[in-house]
There are 2 protein chains.
Amino acid sequence: MTEASPLARKLAAFVALSDEDLSMLDRLHQRRRKFVPGVDLVHQGQSNQTAYILAKGWVCSYKLLANGGRQIVDFQIPGDFLGLRSVLFRTADHNIEPVTPVEASEVIISDLLSAFADTPRLATAVLWAASRDEAMVVEHLVGIGRRNALERTAHYLLEFGARLKLVGLGTKMSYACPLSQYLLADALGLSAVHVNRVLRQLREMGLLTFHNGRVTFDDFEGLVALADFDKAYLDHDGPLLR
Amino acid sequence: MTEASPLARKLAAFVALSDEDLSMLDRLHQRRRKFVPGVDLVHQGQSNQTAYILAKGWVCSYKLLANGGRQIVDFQIPGDFLGLRSVLFRTADHNIEPVTPVEASEVIISDLLSAFADTPRLATAVLWAASRDEAMVVEHLVGIGRRNALERTAHYLLEFGARLKLVGLGTKMSYACPLSQYLLADALGLSAVHVNRVLRQLREMGLLTFHNGRVTFDDFEGLVALADFDKAYLDHDGPLLR
DNA sequence: CGTCGGGTTGATAACTTTCAAATTTCGTGG
DNA sequence: CCACGAAATTTGAAAGTTATCAACCCGACG
């Protein structure tokens with residue numbers, strides 16, 4: 001096998017996958033498409049949705065409000081599914097936009113469903129990943145509702161560290177993060193100016209450094225304590241299910 | 001058929017269900033159990049989960065933080081599933097607690113899965129409802145992140161109106177709401193004191209009244225405008241899919 | 001009665017936003 | 001390789017929103 005895809009890598013962390021599972025997973029990837037920042041992949045209200053598996057780059061899902069604000073619900077990174085929900089729901093209720101140049105494979109929904117029927121372990125793994133995604137949205141909600149700016153930012157950046165490590169795009173100590181402070185602000189429910197101040201504070205406290213598109217954890221344990229981060233949450237060694 | 005159950009009523013709004021679908025739905029309901037406020041239905045970290053269909057009363061799902069705060073992720077009302085996610089995830093990552101005395105039917109997951117295989121329209125309806133629940137969590141996230149206390153509260157109470165009307169527990173003008181201002185505060189990411197002030201303001205603006213466990217919309221259109229509420233979102237007449 | 005949980009109100013403090021203005025970074029064309 | 005302009009980051013000051021603290025009120029209930 002060549003280099004494992006991010007998705008395969010992620011799923012393998014949940015469920016031990018056979019070669020058959022893996023090749024089935026490969027066959028799900030259809031046309032590879034590219035997108036660039038500034039052009040939505042999915043637009044609010046648009047119907048007739050396609051689902052994708054993200055292969056390269058970051059995207060964000062967001063909603064716009066009448067009062068002019070926007071809230072980023074989640075960022076997706078390689079190995080994540082895009083737009084699965086919109087397909088079910090028939091029409092998208094949010095926008096999806098590339099944060100960086102992006103490559104993604106189309107997924108034919110009927111292929112996915114029949115793959116589920118044929119390879120139940122794969123189905124388990126995908127459902128598991130979907131549940132985790134939902135859990136992350138919930139954690140995000142909790143953070144915005146009940147954590148102050150400092151804890152919230154620390155928690156969010158820690159979570160990304162864990163997600164990226166899972167797909168082989170980061171180490172325990174640092175990762176490449178293409179987000180601007182504006183994007184971070186729209187995700188955290190803060191103003192960009194305040195995000196800047198918070199990042200400075202985290203740096204001055206010796207906890208983490210976000211510079212030049214790279215997040216570095218200067219004091220991992222300190223961060224975890226500050227953010228009340230559940231390490232077990234995204235962090236484990238072998239697959240959970242053998 | 002006797003009085004339609006809240007769940008049947010809700011699903012029928014999404015998908016036109018046959019008698020066969022409906023009786024299948026009935027058979028999903030197993031042991032009926034009762035719960036009282038103060039005792040968790042589901043406790044964070046607990047494994048070996050059961051899923052339920054809520055028949056009477058309200059419950060809330062919440063997470064506790066190390067800093068002492070708690071965030072209520074969602075309230076569930078009659079017709080909602082409870083703990084479906086926890087079952088998949090093997091262990092619960094949040095708590096579920098009754099807000100009022102509650103009655104709920106256990107659901108055997110294998111029954112649910114085989115019902116899906118036999119009656120695809122029912123499966124569609126349930127998945128649709130699940131997607132809607134997820135969309136509501138996202139909307140909640142957006143509200144907490146980017147709406148001020150007034151808009152946020154108005155939006156939340158409007159959403160409840162729509163949800164309750166869907167299961168026959170409210171009219172366009174008002175509904176019974178058993179939530180204390182403390183509960184509302186923990187859901188909205190505000191302090192109880194501030195919720196009190198916001199409710200007063202909404203009342204003084206002639207928009208809505210929340211008194212004696214009842215929410216009354218005094219100026220529906222005004223509220224919708226203030227909250228930037230998407231009426232189409234939860235509101236429709238016939239089933240979406242015939 | 002006395003207590004207790006919920007609601008209400010005022011005063012003050014804390015946190016975050018907004019506005020405005022540097023400063024730095026970075027890609028592009030000269 | 002340097003200059004230029006646009007975008008992103010940084011900082012200060014002032015304003016706005018929401019939390020916290022401290023009372024007080026009220027109805028339910030033992």
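So you know, we letter chains A, B, ... as the sequences are listed, proteins then strands, and number each from 1.
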Minimum heavy-atom distance A:L157-A:F217, with the two atoms named: O-CZ, 3.6 Å
Heavy-atom pair with the smallest gap, counting every atom of A:L183 and A:I72: O-CD1, 3.5 Å
Toward the 5' end of DNA chain C, by each residue's nearest nucleotide, A:S191 or B:A192: B:A192
Name the nucleic acid region contacted by [X], choosing base, sugar-phosphate or nothing; use a 4.0 angstrom heavy-atom cut-off, strictly under.
X      : result
A:L190 : sugar-phosphate
A:A149 : sugar-phosphate
A:S180 : sugar-phosphate
A:G189 : sugar-phosphate

Rounded to the nearest angstrom, tell me the gap between atom [atom1] in [X] and atom [atom2] in [N].
X      : N      : atom1 : atom2 : result
A:I144 : D:dT18 : CD1   : P     : 15 Å
B:R146 : C:dT16 : CZ    : P     : 13 Å
A:L179 : D:dT9  : CG    : P     : 10 Å
A:F210 : D:dT9  : CZ    : P     : 7 Å
B:L183 : C:dG7  : CG    : C1'   : 14 Å
B:R152 : D:dT18 : CZ    : P     : 7 Å
A:Y182 : C:dT25 : OH    : C1'   : 14 Å
A:H194 : C:dC19 : NE2   : C1'   : 16 Å

Does [N] have OP1 or OP2 under 4.0 Å away from a side-chain N or O of [X]?
X      : N      : value
A:R200 : D:dT11 : yes
B:N196 : C:dG6  : no
B:Q181 : C:dT8  : yes
A:N148 : C:dC15 : no

Nucleotide of D:dT10, C:dC26, C:dT18 approaching A:R203 most closely (side-chain heavy atoms): D:dT10
Of the listed nucleotides C:dT17, D:dT9, D:dA22, the one nearest the side chain of B:V193: D:dA22
Flag, side chain of B:R146 to backbone of A:R70, donor-acceptor distance under 3.5 Å: yes
Parallel, tilted or perpendicular, as decided by the 30° and 60° cut-offs, for the rings of A:F35 and A:Y52: perpendicular
Under 3.5 Å donor-acceptor pair, A:R197 side-chain atoms to C:dT18 base atoms: yes
Side chain to side chain, A:N212 and A:R214, heavy atoms closer than 4.5 Å: no
